[in-house]
Amino acid sequence: MEIDKTYDPQRVEPHWANWWMESGIYHADVNAPGPVFSLAIPPPNVTGSLHMGHMFEHSLIDVAVRWHRMRGDNTLWLPGTDHAGIATQMLVERKLAAEGTSRQALGRVEFERRVWEWKEQYGGLIVKQMKRVGESCDWSREHFTMDEGLSRAVREAFVRLYEKGLIYRGAYMVNWCPSCQTALSDLEVVHEETQGSLWHIRYPLSDGSGFIVVATTRPETMLGDTAVAMHPEHPRARELHTKSLKLPLTDREIPIILDAMADPKFGSGFVKITPAHDPNDFEAGKRHALPSIKILDESAKMTAAAGRFAGMDRFAARKAVVAALKELDLIEKIEDYTVSLSKCSRSKTVVEPLESIQWWVKMKPLAEPAIAAVESGRTTFVPANWSKTYFEWMYNIRDWCISRQLWWGHRIPAWHCQSCHEITVSREDPTVCSKCGSADLKQDTDVLDTWFSSGLWPFSTLGWPDKTPDLAKYYPNTLLVTGFDIIFFWAARMMMFGIEFMGETPFKQIHIHGLVRDADGQKMSKTKGNVVDPLEINEKYGTDAVRFALLVSAAAGADVSFGEERLTSARNFSNKIWNASRLIFSRVGVQVPAACPKLDTLEDRWIVSRLNATAEKANRAIESHRYHEAADALWTFFWDEFCDWYLELIKLRADVPVLLWVYEQALRLLHPMMPFITEELWQRLETEAGAKLGKSISLAAYPAFAEALADTAAESEMATMQSIVTSARTIRAERKVDRKLNVPGILYAEGAAIGVARARAEAIGKLANITLELKEGKAPKLEGAVRSTPEFDLILELPEAEGERDRLIKENEQLKKVIESSDRQLANEDFINKAPEKVILTIRQKKADYEAQFTKNLAAIERSA
RNA sequence: GGGCGGUUAGCUCAGUUGGUUAGAGCGCCUGCCUUACAAGCAGGAAGUCUGGGGUUCGAGUCCCUAACCGCCCACCA
């Protein structure tokens, strides 16, 4: 068979990626038998393109999915994308700006049309990329959070929560992004420590009896102060609390109030109260019935209430206010101060706390059962520790602001009556007001937080609110694979909504993976310029190699430091698989026995036993989401055992019935991690009758552990044989013997070892290029080119090596340490009494072996002295 | 202010419930273009498992403590 010398993924991958899709083999059949394995993808943002984080997450998912499918489970991996409200709207607005227009200029309807158009044009990119990298999704069930079915689900969910009193509308302090022009949830605000200042400002007492000093990080807000608070226990409380202050730069008089919020130990012990622009002060304002003066508008510009500062931007106003106060000599001092700035996670604009009317979800009643679900173990986290993070947030949960003043998203299904001002919330668009019957209705202009619709994802994608067969079969999902960064945003909300609407937790397990970092462990970011593009490296190294490189370094929950060396070695591994296949195909052919053939030779028994052990390890590892362990086991098996030993031994034989069977099984074991190369090679194989093996390796059974194939005797015999070969090679390497030169050698051994040596003498001779003579018993003297182990002495006909004596002395020093420590242990009564018998026996054996070795070495050392 | 991780070979990292002389990849050293593979083969060097206490017959692994690094949460003027 004509086959390239090096593996070229580009010649193989596009074909299979395409065929997997077109053949529809990953379509989940509701009526198929077997246990269900279902998983819904964390829907990537439509605006996005595939980055390393996706590549990693999707590799983890695809391994789990392919493994379950090969195990015969009724497997569904449901793909889809998220409309990502703010992110997408920002992108399209930027594009409009470049065209010299704006959403305001276009109007709402036209803008929405443009976003849809944009989505159709560019939104499919990430999906295309996912298809190209061979993700085994059921594309017939692809969903988008704004498609018709999901929109209906969103509406249903909203109405139900509203009817239950879990959604309410009200005026509260919200995080307002002046650049996105919308309210944000607490989660969409990021806190950043910044070097700022603490301004100490003198507020004169109205009666002219002096000043009190307040400290603030935002001096411009003083224009909206409506009180100054002091702690009730403050030493001057009695004296001051009836007095009032003359608020500088204004002609207002404000009271001094007593409130425990003022920490007497902080600063001067007085705190200014700006109810309109600070959440704490907002509450204080309510407690003390203070007026609220809004001095900043939705664009963070000073309002008319700010007097001569009106129209200024908040930061300009800050400077101007400070300057004005300085002029009046009202600045007592300015301290350097570290402030925690709240910024919009999208636009990085500093958010402004503003009072505004928004829609909220009451969270406590939803959180309680979601907490219970994890406490009771109905849903578990992997790694388990993440449940702490989940609990931490859930116990302290606050109501969720779900309305956004955006145009791209699910419009809130609420209608405001223009005559009686009643709100009608409805599944169908109402024509008349539910209270007064007026037809003059206007739909609420807000849309819902993106995460509201993603929160319904595990069941909305299966047809909810209808009772579909899909929903019955695939809900709850078996597994969720996601990043820790969206545990609160997404996982927790799905838990709450899943339980609320479906009565059942949405997934049994939540696997939280880490972050893909660069080779130096730095977070990848565009500004740092250390972003690795998966498509670029997929092209360079092959998708399988990229997957394998990610998987092999992905201990559960751990971050992955991703450098090119890892890719190179993974790429080399695919090449190794390729070349082993070349050898097999050219020497042995492509016909695979239907079952494991009869095992006669040591190496056959051994490789089958190793294959079996590897299958066990791989299954256990994948099942418990320890993908790196599976990858490692497969690497070791295929490269070190199958290629380096088994194939080398096979080359010496004509009759090889077992080889193809083991090889084909190995391809199956590798398939979930390296789908392309394994499919390509597997498709070249045939049955012994010359027929195709099957439709796709991805539908072949994943090898399972079989007790009957475990052969500990073969493993230990093979270990002896390997040890003899390695000893001979080591001697040769140390003396730099020409590879082609055959060297006579004598092997002294007893017991089992001599049996192995006899049975495989020829193979040993060939692998080490020595002519082997066997003698039963111990070597009479150990000099010359010798290698000794507890099992045997091997003497090659070569002159004594320089440095051999030093090596033995060094080895004996180490042996002595181990022997002494074994002695100590064995002399310890507690150890003998308490340690399990198995451990004691092992130590005894170990000690005996080392002593024998030590004695041999010693004899050689003494003689060479 | 709370919470969670990490510290193991030159580098990046593994190390299930404590139990043989702590592993891998890359890098390094030596020798090989061996009819599958130089993206390879054979051999080799390299670690007082961050420090200090403790539990235990036995600790990289469990407990306490310190240092350093990182992350998350929080309405600390």
Side-chain angles (χ1 to χ4, degrees), chain A residues 3 5-7 173 186 191 198 214-218 229 261-263 266-268 270-274 278-283 337 339-340 342 353 385-386 388-389 392-393 396 484-485 487-488 515 519-521 549 552-553 555 557-566 568-587 620-621 624 626 628-629 632 635-636 643-644 647-648 651 726 729-734 736-740 768-769 814-815 817-818 821-822 824-825 828-836 838-840 842-843 845-847 849-850:
Chain A
I3 178 164
K5 193 169 167 182
T6 49
Y7 174 54
M173 207 45 131
D186 294 335
H191 303 280
L198 186 63
V214 297
T216 180
T217 55
R218 300 196 55 190
M261 76 180 276
D263 177 357
F266 185 93
S268 58
F270 297 97
V271 52
K272 59 193 267 317
I273 305 289
T274 323
D278 180 278
N280 273 325
D281 295 2
F282 179 76
E283 294 304 320
Y337 198 72
V339 288
S340 171
S342 303
N385 234 336
W386 283 109
K388 278 196 181 177
T389 305
E392 195 67 24
W393 189 69
N396 301 306
F484 57 84
D485 50 332
I487 291 180
F488 308 144
L515 216 64
D520 304 319
V552 81
S553 29
D559 289 353
V560 177
S561 290
F562 199 69
E564 299 238 348
E565 327 84 57
R566 220 159 265 265
T568 308
S569 72
R571 190 264 323 260
N572 294 354
F573 184 50
S574 14
N575 199 46
K576 189 74 186 175
I577 297 170
W578 187 254
N579 275 294
S581 308
R582 282 176 67 211
L583 173 72
I584 294 166
F585 295 169
S586 66
R587 297 265 190 113
R620 245 208 333 246
S624 48
R626 298 199 303 265
H628 67 298
E629 265 184 43
D632 184 66
W635 173 292
T636 304
C643 290
D644 289 349
L647 287 183
E648 293 306 318
K651 284 180 185 171
T726 303
R729 285 173 176 170
T730 307
I731 298 171
R732 297 180 62 117
E734 278 169 357
K736 306 205 182 358
V737 177
D738 188 317
R739 189 184 53 79
K740 294 182 199 89
N769 198 17
Q814 284 172 350
L815 285 170
K817 273 187 210 157
V818 184
S821 100
S822 310
R824 270 195 304 276
Q825 258 183 307
N828 186 329
E829 256 178 65
D830 285 328
F831 175 70
I832 301 295
N833 293 335
K834 291 179 185 171
K838 208 177 88 190
V839 176
I840 297 171
T842 315
I843 302 268
Q845 183 59 48
K846 177 180 83 176
K847 192 197 151 196
D849 286 351
Y850 293 153

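Just so we're on the same page: letters track the sequence lines, and every chain starts at 1.
Contact annotation: A:Lys576 does not reach the phosphate of B:A38 (side-chain N/O to OP1 or OP2, under 4.0 Å).
In terms of the side-chain hydrogen bond (donor to acceptor under 3.5 Å, both in side chains) criterion, A:Asn828 has no residue partners (sequence neighbours excluded). Applying the salt bridge (Lys or Arg N to Asp or Glu O under 4.0 Å) rule to A:Lys5 yields no partners; only residues at least two apart in sequence or on another chain are considered. Take A:Glu564 and apply the side-chain hydrogen bond (donor to acceptor under 3.5 Å, both in side chains) test, not counting sequence neighbours, and it matches A:Lys540, A:Tyr541. With sequence neighbours excluded, no residue forms a salt bridge (Lys or Arg N to Asp or Glu O under 4.0 Å) with A:Asp849. Every ring-ring contact (aromatic ring centres under 6.0 Å, His included) that A:Tyr7 has, sequence neighbours left out, goes to A:Trp578. A:Arg218 is linked by a salt bridge (Lys or Arg N to Asp or Glu O under 4.0 Å) to A:Glu220, A:Glu352, counting only residues two or more places apart in sequence or in another chain. The ring-ring contact (aromatic ring centres under 6.0 Å, His included) test applied to A:Phe484 returns A:Trp386, not counting sequence neighbours.
Atom CG of A:Asn828 and atom P of B:C57 are 8 Å apart (whole Å). Here B:C37 presents its P atom at 10 Å from CG of A:Asn575, a figure rounded to the nearest Å. B:U55 atom P lies 14 Å from atom CG of A:Asp830, rounded to whole Å. When the C1' atom of B:C37 is taken as reference, atom CD1 of A:Ile584 falls 12 Å away, rounded to whole Å. Atom pair A:Arg824:CZ and B:G58:C1' shows a separation of 12 Å (rounding to whole Å applied). Whole-Å rounding puts the A:Phe585 CZ to B:A36 P distance at 15 Å. Taking atom CG of A:Asn833 as the reference point, atom P of B:G58 lies 13 Å away to the nearest angstrom. Atoms CZ (A:Arg582) and P (B:A36) sit 8 Å apart, rounded to a whole Å.
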Summarise how protein sits on nucleotides 67-77 of chain B as a single string, 5' to 3': B when a protein heavy atom is under 4.0 Å from the base, S for sugar-phosphate-only contact, - for no contact.
------SSB-B

Mark up nucleotides 22-34 of chain B, 5' to 3', with B wherever a protein heavy atom is under 4.0 angstrom from a base atom, S wherever such an atom reaches only the sugar-phosphate, and - elsewhere.
---SS---SSS-B

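Rounded to whole Å, the C1' atom of B:U61 lies 10 Å from the corresponding atom of B:C49. For the C1' atoms, the distance from B:G19 to B:G60 is 13 Å, rounded to whole Å. Taking atom C1' on both nucleotides, B:A45 is separated from B:G51 by 28 Å, rounded to a whole Å. Rounded to whole Å, the separation between the P atoms of B:A22 and B:U16 comes to 16 Å. Between the C1' atoms of B:G40 and B:C26, the separation comes to 16 Å (whole Å). Using atom P as the reference point in both B:A66 and B:C71, the two lie 22 Å apart (nearest Å). The gap from the P atom of B:G54 to that of B:C73 amounts to 40 Å, rounded to the nearest Å. The C1' atoms of B:A46 and B:C11 are separated by 13 Å, rounded to the nearest whole Å.
Within the 4.0 angstrom heavy-atom criterion, only backbone atoms of the sugar-phosphate kind lie near A:Arg587; the bases stay farther away. No contact: A:Glu564 has no heavy atom under 4.0 Å from any strand. Residue-level contact check: A:Ala558 touches the backbone only, with heavy atoms under 4.0 Å from sugar-phosphate atoms and none from bases.
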A:Val271 vs A:Asp263, side-chain contact (heavy atoms from CB on, under 4.5 Å): CA-CA, chis, key distance, verdict:
CA-CA 8 Å; A:Val271 52; A:Asp263 177 357; over 6 Å; no

A:Leu583/A:Lys651 under side-chain contact (heavy atoms from CB on, under 4.5 Å): CA gap, chis, key distance, verdict:
CA-CA 9 Å; A:Leu583 173 72; A:Lys651 284 180 185 171; 4.0 Å; yes

Kindly determine whether A:Met261 and A:Asn280 satisfy side-chain contact (heavy atoms from CB on, under 4.5 Å), including the steps that lead there.
CA-CA 8 Å; A:Met261 76 180 276; A:Asn280 273 325; 4.0 Å; yes

Do A:His628 and A:Ser553 pass the side-chain contact (heavy atoms from CB on, under 4.5 Å) test, and can you show the C-alpha distance, the side-chain angles, and the key distance before you say yes or no?
CA-CA 6 Å; A:His628 67 298; A:Ser553 29; over 6 Å; no

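Not a single donor-acceptor contact under 3.5 angstrom links the side-chain atoms of A:Lys5 to the base of B:C37. Applying the 3.5 Å distance criterion, the base of B:A39 shares a donor-acceptor pair with the side chain of A:Arg571.
Using modelled atom types, one finds no donor on one side chain facing an acceptor on the other under 3.5 Å when comparing A:Ser574 with A:Lys576.
Expressed to the nearest 0.5 Å, how far CG of A:Leu815 lies from OG of A:Ser822 amounts to 10.0 Å. One distance of note links SG of A:Cys643 with CD of A:Glu648; it measures 8.5 Å at 0.5 Å rounding.
With hydrogens and angles ignored, the 3.5 Å screen pairs a side-chain donor or acceptor of A:Asp559 with a backbone N or O of A:Leu515.
Pairing each heavy atom of A:Thr217 with each of A:Leu198, the nearest pair is CG2-CD1, 3.8 Å. A:Trp635 approaches A:Ser569 most closely through the heavy-atom pair CH2-O, 3.4 Å.
A stem is defined here as three or more consecutive Watson-Crick or G-U pairs, each with both distances under 3.5 Å; for RNA chain B these stems are B:1-7 with B:67-73, B:10-13 with B:23-26, B:28-32 with B:40-44, B:50-54 with B:62-66.
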Enumerate all atom pairs, one protein N or O and one N or O from nucleotides 44-47 of chain B, separated by less than 3.5 Å.
| from | atom 1 | to | atom 2 | distance (Å) |
| --- | --- | --- | --- | --- |
| B:A46 | OP1 | A:Lys810 | NZ | 3.0 |

Atom pairs, N/O to N/O, protein against nucleotides 18-20 of chain B, distance under 3.5 Å?
| from | atom 1 | to | atom 2 | distance (Å) |
| --- | --- | --- | --- | --- |
| B:U20 | O3' | A:Lys846 | NZ | 2.8 |

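Using a 4.5 Å cut-off on side-chain heavy atoms (C-beta onward), A:Gln845 and A:Thr842 make no contact.
Summary of the strand contacts: A:Ser581 and A:Ser553 both lie near RNA chain B, and taking for each the nucleotide with the nearest heavy atom, the more 5' one is attributed to A:Ser553. Between A:Phe573 and A:Asp559, the residue anchored nearer the 5' end of RNA chain B, judged by the nucleotide with its closest heavy atom, is A:Asp559.
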